[in-house]
Each structure stands twice: as C-alpha cells, then as structure tokens.
Novice: 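Got a structure for you, questions after.
Position 1 is the first residue of the sequence; numbering continues from there.
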Amino acid sequence: MSALNITQHDSSSSPTSLTISLALLHVFIVFVIQRFIRKRYRKILPPGPRGLPLLGNIYDIPQTAPWVTYRDLTAKYGDVIAIRLLGHPVIVLNSLAAVNDLLEKRSAIYSDRPAPVVSISRTSVLIPCYTGSGASDSSHTTTTGAAPVASSGNTFNLCLLRDQRNLQELIQLTLLNMGYGLPASDVTSHYADLLSDMDSGVSEAYHPTIFYIPWLRYLPRWLPGGTWKSGVQKWRLQADSIREAPFMAAMKLMAIEPSVLTELFGKLQSGETPGLDQEFVKAILGAIFTAGADTTSGSLFAFFCAMIIYPEVQKRAHEELDAVVGPDRLPEHSDRPSLPYISAIIKEVLRWHNLVPLGMSHRCMEDNEYRGWVIPEDATILANIWAILHDPEHFPEPDEFRPERFLKDGQLDPDAFDPVTLGFGSGRRICPGRHFAEDALFINIASVLHVFDILPAVDECGKPIPVEYTATSGLLSSVTPFQYSIRSRTSIAEGLVQEALGEEE
Ligand code: HEM
C-alpha cells in the first residue's frame, strides 16, 4: 500500500518526469523505426555511398558536373547507384543496359516526373506528370510530327551575315514560326527577355534543396530556409508570360500558316483528343518554345566551338559540301543522305557536348524489383547520358571531337553506337522535339559550313583569341561563352547569300 502511495504521489506531483519519459520513448521509437527503415533500404536499394544520417549524400555529390562524380562512383558500386538526398532516394543509371531495362522496357511505371515542391505555373511550362491520357500523348505526337523546320538555313546565314545576331535568337525565331506560325518579323527581343527571365526562375524554383525538402513549403518566408518563397510569385508570372505572350500574338494575327498551333486547334475542334483544351494547347506550345530554344542553340554553339578547336574537321566538311552541293546553290534538306560527313558531325556534336547530361528526372511510380534490388515508389531516376556517351569502350578517346567514329568506307556506319536517340532521353518521355532539333542542326550546320569559315575572334593586335572547351553545370549544360568570327569562303558563296537575302525580302 505504501509503495502504491509513493507511486501515485510520484506520478501526480512530477508531471515533468512523465513528459521526459514520453519524450525518451518517442526518441527511442523514432530511432528504432529509422534503423529499421535504413536497414531495409540498405538491403534493397542498389549500392551507393553511405552518406550522413538524415542529410544522406548531399556532401558526396558536387554542384559542378555531378555526372562525372556519378560516373566515377561506378568503379566502386557498379552501373546502378543509389544515393539519398535528405532521405529521398535517387537512382542513377550509368549504363545503356540499365537505361533500356528501366526507362524503355518498364516505361509504363518510369515515365512520370518528380513533382516540384512549388509549381511555378498554373499549367506547368513543361508537361509535368505522366497520365497516359490523350492530351499528354498529343503533346508528343504533335511536336514530334511537326512540319519540317520552317525556316531554311538561308535565313540563318543571312542573319549571321547581316548583324551577327546570337544563335539563341535565331533558333527562337524558328521555333516561334514553327510553333505559333509567327512571322520572322514578329520576333522581338521581348520574347528572348521573357525566356531568359524564366530560365533563371526555373533554376531557382527547381533548386535541389527546395526539391528534396518538401516541408520547406510550410516555413514562413521570414525564417531562414523560407526566403525562397518570395520568388514564387515572380516565377509564376514569368512562366505565365512566356505561355501567354506569343500565344496572344499568334491569335491576334489569326496565324494561318501551318504550325503546331493550327494542328492542335484542328485536334481541339474535332474533339478527337480527350483532355485537350485551349489551356493545354498553350502549355504545349510554351513547352516547345522553352524546351527547344536553348537546347538547339546550345548544340549549335557547341558546334561552333568544335569547328574552331578542330579546323581539320571543318576542312573535311568543306570538301564534302563543295563536291556534293557545289558552288551554285545552298544546301537543302534533300542533300542530307549525300552528306554523310555532315551527318557524322551532328552525331558527334550531340555526343561530345551533352546539353542535358543527366537527362530530365523520371519518377518511379511503384515499388519494383530490379537485379535483386527494390527500386522504391517515388524514387527519382536519373540517366547519366554523359557517362554513357563518354564511355571509352564505345567511344575511344571520348573527349576528342571525331566525327569519323560514325563512318565506315566514307558512309555512316550502321553498326556504330548512335548517340542521337540517347541524347534525347528515353522511353515515353523521350524529347518530342528531337526530329525538329536534328533537322534544324542539319540545315544550319550544312549552310554555315558551305558559306563560311568559322574562326576564332582576334584581339586588338590581330592575334586569334584561343578557344577552350568548357561547360556549365545545371539541368542544361552550355558551352561557356567564347568569341568567334566568320568569313565568307568565296565571293560566289557570299553572292549566294546576298541572292537569298533578296529573295527573302
Ligand atoms: C539538341 C536539342 C535537344 C536536346 C539535346 C534535347 C534533349 C531532351 C531530353 C534529354 C529530354 C528529357 C527526355 C526524358 O525525360 O527522357 C527532353 C525533353 C523535352 N524536350 Fe528536348 N531536346 C532538344 C531539343 C528540343 C526541341 C527543339 C524541342 C521542341 C521543339 C524540345 C522539346 C522538349 C520537351 C517538350 C520535353 C519534355 C517532354 C516530356 O516531359 O514529356 N526539345 N529533351
């Protein structure tokens, strides 16, 4: 009895000891659950560096060129690596076999995208989730099957000759014409500014910290860690403007030129595509414009860089063009089968400089087993495109720009590993603009090489400014800016351009 009294007395008169006991119990339970989860995942996830408690591997993966670090980790862990970023599993596929096994063969459950914590647009600029619905498929088929590149290489040359406009603006011009049917004259630096504002907004909104710590969204904006919220309104407005401005301009003009817009409106009116409405049409066009401009111009910029560093490649391309196209005309799309060296240059540009080195993240939609591991639902999947296209087993001396690796007996080698498909992603989310991009690269590269020598810029003493190939890091990796100059190869070539200029005007 007295013992009972003592116990009753203790518990009622000391509420803090109960709280402490409960707190300790809570800590113990959390600890056991964490150990259990960690043990379970360590067993079933693919191998990878161990990382720190809670933080995971955030200190193992650098911000600069993480694709190189992932490739280096394969020596210890194999081609499929799991890392954890603040508890979130990320699976990196470093071989073509793994990419094919998961993103291609199991595309039914590997085609979603991880949802960003903050949606930057009412209907996102990039088509975000995979539903398998008619509308999301329509974005792919329409873009993929879009009319061949609307602008000719001539326009590109003329612009270069006329005012040395930047490559990015030239590709934007083409996309606005192909996507919205907007005439070249409607292209103003306004769209370019909107696009560049939105690009920086997207980089901030998709910053890994915000991406992988979902609870950051609940922090008030005045607390450290919550300050990113003040940018959200701005990013949303930027994303909305890039969807609205060219769309409204096209509607005002009542563009009748065949374009992706007219094709989608045709589908909308016929009702053949469930889920397709005006907002979705706007989103698809916004995606084409935003995803197509920097990528295609980025590849062209890489091509300019390679031509300066490897003048012997440029010389061989000139010889092929002189022999096949001749001095009296500019190259056309129909010349492509007869220009294997130019085609090999395009493949090598896409391989040598990967615009999207880790592809775009995919999301695994359900737990599934692979090679004895379990890839958990919600895991982010990255395809290390850079590592695969720089694997010396397939591409000896991978850092060298060497179009010859795709040729055999002067023709494209059908047995060579073609970087084109992988460079544009995999499975059901493969880049829908790949045919457009390839066509644009062909006509622009062939035309520029036919007419111009691409040379390094010169300094005030007339000395060539050396060009070195380096690239930026990020979702999109660009060749770091360098200066170049162009010189007409012959007066006949210059005459051809002037003639075409007259025709255009
Ligand atoms: C050299 C040029 C280009 C490269 C290297 C490139 C590469 C890629 C890659 C790697 C992806 C991710 C695919 C995946 O998730 O597996 C992608 C997606 C995408 N690309 Fe491209 N792309 C290029 C040009 C273009 C162009 C010109 C357009 C539009 C005309 C375009 C529109 C898109 C869109 C809309 C997506 C998102 C597709 C989706 O989420 O379903 N791209 N691109």
Side-chain angles (χ1 to χ4, degrees), residues 41 45-46 48 51 54-58 60-61 63 66-67 70 80-94 98-99 102-104 106-133 136 139-140 198-199 201-218 228-229 231-232 235-236 239 283 287 290-291 356-368 370 373-386 424-432 473-477:
Y41 274 125
L45 277 180
L54 293 174
L55 296 177
N57 301 100
I58 54 170
D60 295 328
I61 308 301
Q63 298 268 327
W67 42 91
Y70 290 134
V80 180
I81 292 167
I83 57 159
R84 288 190 156 275
L85 296 176
L86 303 154
H88 181 84
V90 177
I91 313 293
V92 189
L93 313 175
N94 291 285
V99 169
L102 299 186
L103 300 188
E104 293 282 350
R106 297 188 192 177
S107 61
I109 55 165
Y110 277 91
S111 293
D112 202 5
R113 301 255 186 242
V117 170
V118 45
S119 164
I120 58 164
S121 179
R122 273 178 273 129
T123 42
S124 176
V125 173
L126 281 182
I127 304 132
C129 58
Y130 176 72
T131 57
S133 82
S136 58
S139 71
H140 267 238
M198 203 210 68
D199 279 349
V202 167
S203 311
E204 286 177 62
Y206 282 71
H207 190 279
T209 326
I210 302 173
F211 207 77
Y212 293 117
I213 318 182
W215 50 261
L216 272 185
R217 82 178 81 175
Y218 302 113
W228 60 274
K229 279 187 152 180
V232 171
W235 305 330
R236 285 205 176 122
T290 48
V356 201
L358 289 172
M360 281 171 69
S361 314
H362 288 224
R363 184 184 82 93
C364 173
M365 293 154 79
E366 62 184 52
D367 284 6
N368 65 108
Y370 180 56
W373 308 303
V374 170
I375 313 290
E377 180 183 351
D378 268 342
T380 296
I381 314 294
L382 300 176
N384 195 346
I385 297 175
W386 177 86
F424 288 105
S426 312
R428 298 182 195 188
R429 301 308 285 258
I430 192 168
C431 172
S473 292
L475 172 67
L476 212 69
S477 166

Novice: Looking only at non-hydrogen atoms, find the nearest pair between G427 and S107 and report the distance.
Specialist: CA-CB, 4.4 Å
Novice: Please identify each residue that fulfils salt bridge (Lys or Arg N to Asp or Glu O under 4.0 Å) with R106, with sequence neighbours left out.
Specialist: none
Novice: Among all residues two or more places apart in sequence or in another chain, which pass the side-chain hydrogen bond (donor to acceptor under 3.5 Å, both in side chains) test with Y70?
Specialist: none
Novice: Do you know which two heavy atoms are closest between Q63 and S473, and how far apart they sit?
Specialist: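 Distance-wise, the nearest heavy atoms are O-CB, 3.6 Å.
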Novice: Pick from N384, V99, I385: which one makes a side-chain contact (heavy atoms from CB on, under 4.5 Å) with N94?
Specialist: N384
Novice: Measuring only between side-chain heavy atoms, which start at C-beta, is P89 closer than 4.5 Å to D378?
Specialist: no
Novice: Does the side chain of R113 come within less than 4.5 Å of H362's, by heavy atoms?
Specialist: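 Answer yes - side chains close enough.
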Novice: Which atom names give the shortest non-hydrogen contact between G359 and L475, and what distance separates them?
Specialist: O-CD1, 3.8 Å
Novice: Among residues at least two apart in sequence or on other chains, which ones pass side-chain contact (heavy atoms from CB on, under 4.5 Å) with D60?
Specialist: P49, N57
Novice: If you define the side chain from C-beta out and look only at heavy atoms, does anything of W386 sit under 4.5 Å from S477?
Specialist: no
Novice: Quick one: list whatever passes side-chain contact (heavy atoms from CB on, under 4.5 Å) with E366, sequence neighbours left out.
Specialist: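 E366 satisfies side-chain contact (heavy atoms from CB on, under 4.5 Å) with I109 once adjacent residues are dropped.
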Novice: Looking at G48 and I81, what are the two nearest heavy atoms and their distance?
Specialist: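 Reported closest heavy-atom pair: CA-CG2, 4.2 Å.
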Novice: What is the minimum heavy-atom distance between A383 and L103, and which atoms define it?
Specialist: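 Taking A383 first and L103 second, the nearest heavy atoms are CB-CD1, 4.0 Å.
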Novice: Less than 4.5 Å apart, any side-chain heavy atom of V92 and any of V80?
Specialist: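 SC-SC contact between V92 and V80 ruled out.
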Novice: Taking only residues two or more places apart in sequence, or in another chain, which ones meet I58 in a side-chain contact (heavy atoms from CB on, under 4.5 Å)?
Specialist: L55, L85, L86
Novice: Go through the steps for L382 and L93 under the test side chain to side chain contact (heavy atoms under 4.5 Å, CB included), then give the verdict.
Specialist: CA-CA 6 Å; L382 300 176; L93 313 175; over 6 Å; no
Novice: Heavy atoms, side chains only, cut-off 4.5 Å: are W373 and I91 in contact?
Specialist: no
